[in-house]
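Take a look at the structure set out below.
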Amino acid sequence: EKAGFDHFMLKEIYEQPKAYRDTMLGRVADDGKSVQLSELTMTKDYINSIRKVHIVACGTAYHAGLVGKTVIESIARIPVETDVASEYRYRSPIITPDTLVIVVSQSGETADTLAALREAKRNGARVLAITNVVGSSIAREADDVLVTLAGPEIAVASTKAYTSQLVVFYLLSLYFADTLGTKNTAEVSEILAAMQELPEQVESILEQALVLRDIAESISSHPSLFFIGRGIDYPVALEGSLKLKEISYIHSEAYPAGELKHGTLALIEEGVPVIALVTQEELYEKTLSNIKEVKARGANVLGIGNVGYEEEANKSVDTLFSIPRTLPILTPALSVVPLQLISYYASLALGHDVDKPRNLAKSVTVE
Ligand code: BG6
């Protein structure tokens, strides 16, 4: 059932192109100019009435929600807050009838997320669930459901479910943008066309798995490392760091690249690996100067950058891994893939149980 792969996690990483295609299938109009989400029951009037969005989730799904915040805010121009589900309920969130609460859960059974959903409904908000399991508790109790069509995810560490959640956030934002008029048809078509290229672009990253295995093996001998990134690269850094910690037990921290000097720059010493995401053209120069700060302290920097920008980046990093060019807003759907593979190969190099890491369950049904 692992279809020739050594672990479910590796199989699921390789299933991401298919998960992207399946999650988009039937949801993009034939002319490529709009998104159709026929399963949504919300009306145009309701969409126009949304004043804010709360995204609530746990673990990896929370990290998808952090990307979702930037995506919804930039494409649909609705203010978004993203919260960890176990915190949400206890901070008296300001939930009003014009708040759309989006809960994100691969399993649809996470108790903390379910409790947040109930709290939102009690306060009169409408709840939209993004889940991978159609008949789950969260799917049943939500007002609307958008299913990620990632297929069953067996490995405890989430990969294809996370990336499919990103695809759903893109689709939902474009759907809202159509009603709200925040993007014109040409802009929507451009994003949708770029999304259609993602599956093949992921495939081209997967073809370089052995390069990432070598990088992972060199990282695996270090006790601690850092992930840095700016803008939408930062939540991807958080996810890369979580994935590595979850299955390899190597300590790491994710920092917004510009914040390191306001915090723990002192921990960057000779030889400390730093994985720097540098995919945002607008922030390119700033991130490169942050890379120079860590290099000056002896860090060994792996850059995750864009094809076409190698020359400038190569001057600043020790090793560069380039992802195919896409629109800046879509880069998380690609840049997380090398990080997943690095985590996988680091765990493997250290002889850990990749699919069943210690102290972690696939779905946690206690609060
Ligand atoms: C944790 C899992 O318990 O729950 C993580 O170990 C997962 O892998 C998190 O990201 C959230 O799970 P779900 O099913 O709500 O997305």
Side-chain angles (χ1 to χ4, degrees), residues 7-13 15-16 19 23 54-69 82-89 101-120 127-142 145-169 172 235-249 252 254 332 336-337 339-341 343-344 346-347 352-367:
H7 298 93
F8 282 110
M9 182 178 176
L10 193 61
K11 172 175 177 268
E12 289 160 6
I13 289 172
E15 283 171 344
Q16 289 176 115
T23 300
H54 288 174
I55 302 174
V56 189
C58 303
T60 289
Y62 167 68
H63 291 156
L66 291 175
V67 175
K69 171 184 161 71
T82 302
D83 265 285
V84 163
S86 58
E87 290 294 322
Y88 184 67
R89 277 202 307 160
V101 176
I102 303 179
V103 294
V104 191
S105 173
Q106 186 283 130
S107 64
E109 300 298 343
T110 300
D112 286 316
T113 310
L114 185 58
L117 176 160
R118 290 179 178 154
E119 177 73 7
V127 177
L128 164 66
I130 298 176
T131 180
N132 202 36
V133 183
V134 182
S136 60
S137 306
I138 285 173
R140 284 199 310 270
E141 294 194 27
V145 182
L146 286 174
V147 179
T148 47
L149 288 139
E153 192 179 67
I154 311 294
V156 167
S158 180
T159 53
K160 63 175 182 170
Y162 165 83
T163 44
S164 304
Q165 287 157 2
L166 302 185
V167 170
V168 170
F169 274 118
L172 180 68
V236 179
L238 283 170
E239 173 57 12
S241 172
L242 174 67
K243 204 94 304 172
L244 185 72
K245 282 179 282 210
E246 280 182 332
I247 60 171
S248 76
Y249 317 125
S252 68
V336 75
V337 178
L339 305 185
Q340 295 168 339
L341 284 166
S343 302
Y344 171 78
S347 174
H352 298 312
D353 187 346
V354 175
D355 284 337
K356 288 200 182 65
R358 65 185 189 225
N359 300 335
L360 205 60
K362 184 67 184 158
S363 130
V364 178
T365 51
V366 291
E367 275 184 63

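When a ligand or atom number is given, it counts from 1 through the structure's own listing order.
Proximity of Ser107 to ligand 1, defined as any heavy-atom pair under 4.0 Å, is shared by backbone and side chain alike. Residue contacts with ligand 1 for Ala157 are absent, since no atom lies close enough (heavy atoms, distance under 4.0 Å).
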(Q) Walk me through whether Ser164 and Lys160 qualify under side-chain hydrogen bond (donor to acceptor under 3.5 Å, both in side chains). (A) CA-CA 6 Å; Ser164 304; Lys160 63 175 182 170; over 6 Å; no
Q: Could you please spell out the steps behind the side-chain contact (heavy atoms from CB on, under 4.5 Å) verdict for Gln106 and Gln165?
A: CA-CA 8 Å; Gln106 186 283 130; Gln165 287 157 2; 4.2 Å; yes
(Q) What verdict does the side-chain hydrogen bond (donor to acceptor under 3.5 Å, both in side chains) test give for Tyr344 and His7, after you've listed the backbone C-alpha separation in whole Å, the side-chain angles of each residue and the deciding distance to 0.1 Å? (A) CA-CA 9 Å; Tyr344 171 78; His7 298 93; 2.7 Å; yes
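With no hydrogens or angles considered, a side-chain donor-acceptor pair links Ser158 and Glu153 at under 3.5 Å. A donor atom on one side chain and an acceptor atom on the other are not found under 3.5 Å apart for Ser363 and Glu109. For Tyr88 and His54, the side-chain atoms include at least one donor-acceptor pair closer than 3.5 Å.
Closest protein heavy atom to atom 1 (C) of ligand 1: Ala361 O, 4.0 Å. Of the protein's heavy atoms, Gln106 N, 2.7 Å lies nearest to atom 16 (O) of ligand 1. Distance from atom 12 (O) of ligand 1 to its nearest protein heavy atom, with residue and atom name: Thr110 OG1, 3.4 Å. Residue, atom and distance of the protein heavy atom nearest to atom 9 (C) of ligand 1 are Cys58 O, 3.8 Å.
In terms of modelled atom types and a separation under 3.5 Å, the side chain of Glu246 and the main chain of Ala157 share no donor-acceptor contact. Lys245 places a side-chain N or O within 3.5 Å of a backbone atom of Ser252 that can act as its donor or acceptor partner.
When the shell of 6.0 Å around NZ of Lys356 is examined, it contains 12 or fewer heavy atoms from other residues, nucleotides or ligands.
Interface of Val156 with ligand 1, defined as ligand atoms under 4.0 Å from a residue heavy atom, comprises 6 (O), 8 (O). If you number the atoms of ligand 1 from 1 as listed, the ones under 4.0 Å from a heavy atom of Val364 come out as 3 (O). Those atoms of ligand 1 that come under 4.0 Å of a heavy atom in Ser105, given as number and element, are 13 (P), 14 (O), 15 (O), 16 (O). Close contacts of ligand 1 with Ala61, meaning ligand atoms under 4.0 Å from a residue heavy atom, involve 16 (O). Near Thr60, the atoms of ligand 1 lying under 4.0 angstrom from a non-hydrogen atom of the residue are 10 (O).
Heavy-atom proximity to atom 5 (C) of ligand 1, evaluated over His63, Glu246, Glu153, is greatest for Glu246.
Residue contacts with ligand 1: Gln165 is placed with no nitrogen or oxygen under 3.5 Å of a nitrogen or oxygen of the ligand (distance criterion only).
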